[in-house]
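All values below come from the heavy atoms of this structure, side chains included, with hydrogens, waters and symmetry mates left out. It should be emphasised that the depicted structure is a prediction, and the values quoted were computed from it without experimental measurement.
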Amino acid sequence: MEILKMLITAFLGTAGFSIIFRVKLPHILPAAFGGTLTCAVYLLFDEMGCALFLSNFLASLAAVLYAGILAQILKTPSTIFVALCIIPLVPGSGLFYSMRYLIVWDKELFFTHGPNALQIALGIAAGIVLESAVVHLLGLIRRRSHTELLS
């Protein structure tokens, strides 16, 4: 039951951010499903006992792949969907409390919350960067082979 609540919350949260970011109406539902998919992938790997970084890395990788496919289908830049699909992963409270404890110099609590928020953020970023690099390299290879065929 708890997992279902988290998936519903991911769906509603992503839909809400879609509205706040003024996403076109036909794109809100696919974006919300993307946020739910991202959350589901995270929960799957978290339940399997994967490390915090790895669970977020794989979930963000799924989000970016979904966003790329959706962008092709809807003829829209994938950046819009990437930004929305990773919303359920963003460690908002973890970052807030880490910075709060840093400002008041509560070392014990800062070093408790900070590393977790950092692992989550790095996992999200690594997933996005890896997929972007692979797509870029595949594009270069495809253009090179196309140029060689024309020569």
Side-chain angles (χ1 to χ4, degrees), residues 1-102 109-146:
M1 195 63 169
E2 190 66 28
I3 290 175
L4 183 59
K5 279 191 224 177
M6 292 177 81
L7 293 174
I8 291 170
T9 303
F11 180 88
L12 294 174
T14 306
F17 272 97
S18 299
I19 294 166
I20 291 170
F21 293 155
R22 297 183 183 181
V23 171
K24 292 179 182 175
L25 191 59
H27 297 160
I28 293 174
L29 195 58
F33 280 118
T36 308
L37 170 73
T38 302
C39 183
V41 170
Y42 169 78
L43 291 171
L44 172 71
F45 287 105
D46 186 53
E47 286 292 316
M48 291 171 51
C50 290
L52 192 56
F53 172 84
L54 184 60
S55 297
N56 282 282
F57 170 74
L58 295 170
S60 73
L61 196 58
V64 175
L65 291 172
Y66 175 82
I69 293 167
L70 203 56
Q72 292 287 322
I73 293 169
L74 298 175
K75 309 278 190 258
T76 305
S78 65
T79 311
I80 294 166
F81 296 112
V82 171
L84 292 168
C85 290
I86 64 166
I87 292 289
L89 300 178
V90 174
S93 66
L95 287 173
F96 172 80
Y97 286 112
S98 296
M99 292 301 103
R100 180 173 182 234
Y101 297 136
L102 179 64
L109 287 173
F110 173 73
F111 286 113
T112 300
H113 291 276
N116 288 343
L118 185 61
Q119 284 182 59
I120 294 168
L122 290 175
I124 294 168
I128 293 169
V129 168
L130 176 66
E131 196 276 340
S132 298
V134 168
V135 167
H136 181 71
L137 286 173
L138 290 174
L140 288 174
I141 291 168
R142 186 175 43 189
R143 281 191 294 276
R144 176 180 265 174
S145 65
H146 182 70

Side chains of [X] and [Y]: closer than 4.5 Å at any heavy-atom pair?
{"X": "Phe53", "Y": "Leu118", "answer": "no"}
{"X": "Leu54", "Y": "Phe45", "answer": "no"}
{"X": "Tyr66", "Y": "Phe33", "answer": "yes"}
{"X": "Ile28", "Y": "Ile19", "answer": "yes"}

Taking all non-hydrogen atoms of both residues, which atom of [X] and which atom of [Y] are closest, and how far apart?
{"X": "Ala83", "Y": "Ile86", "answer": "O-CG1, 3.6 Å"}
{"X": "Gly35", "Y": "Ala10", "answer": "O-CB, 3.9 Å"}
{"X": "Gly127", "Y": "Leu61", "answer": "O-CD1, 3.5 Å"}
{"X": "Leu52", "Y": "Asn116", "answer": "CD2-O, 3.6 Å"}
{"X": "Ala62", "Y": "Leu37", "answer": "O-CD2, 4.4 Å"}
{"X": "Val41", "Y": "Ala59", "answer": "CG1-CA, 3.6 Å"}

Ignoring hydrogens and geometry, is there a side-chain-to-backbone donor-acceptor pair from [X] to [Y] under 3.5 Å?
{"X": "Ser60", "Y": "Phe57", "value": "yes"}
{"X": "Ser98", "Y": "Gly114", "value": "yes"}
{"X": "Thr38", "Y": "Cys85", "value": "yes"}

Gap between atom [atom2] of [Y] and atom [atom1] of [X] - 0.5 Å precision:
{"X": "Leu84", "Y": "Thr79", "atom1": "CG", "atom2": "OG1", "value": "10.5 Å"}
{"X": "Met99", "Y": "Phe110", "atom1": "CE", "atom2": "CZ", "value": "5.0 Å"}
{"X": "Leu44", "Y": "Cys39", "atom1": "CG", "atom2": "SG", "value": "11.0 Å"}
{"X": "Thr9", "Y": "Leu4", "atom1": "OG1", "atom2": "CG", "value": "9.0 Å"}
{"X": "Leu43", "Y": "Ser55", "atom1": "CG", "atom2": "OG", "value": "9.0 Å"}

- request: Dump the intermediate steps for side chain to side chain contact (heavy atoms under 4.5 Å, CB included) on Val64 and Val135, then the final yes or no.
  value: CA-CA 11 Å; Val64 175; Val135 167; over 6 Å; no
task: Would you please classify the geometry between the His27 ring and the Phe81 ring as parallel, tilted or perpendicular, with 30° and 60° separating the classes?
output: perpendicular
- request: Take Glu131 and Leu65, measure what side chain to side chain contact (heavy atoms under 4.5 Å, CB included) needs, and give me the verdict at the end.
  value: CA-CA 7 Å; Glu131 196 276 340; Leu65 291 172; 3.7 Å; yes
- prompt: Got a sec: does the CZ of Phe11 have more than 12 other heavy atoms crowding it under 6.0 Å?
  reply: yes
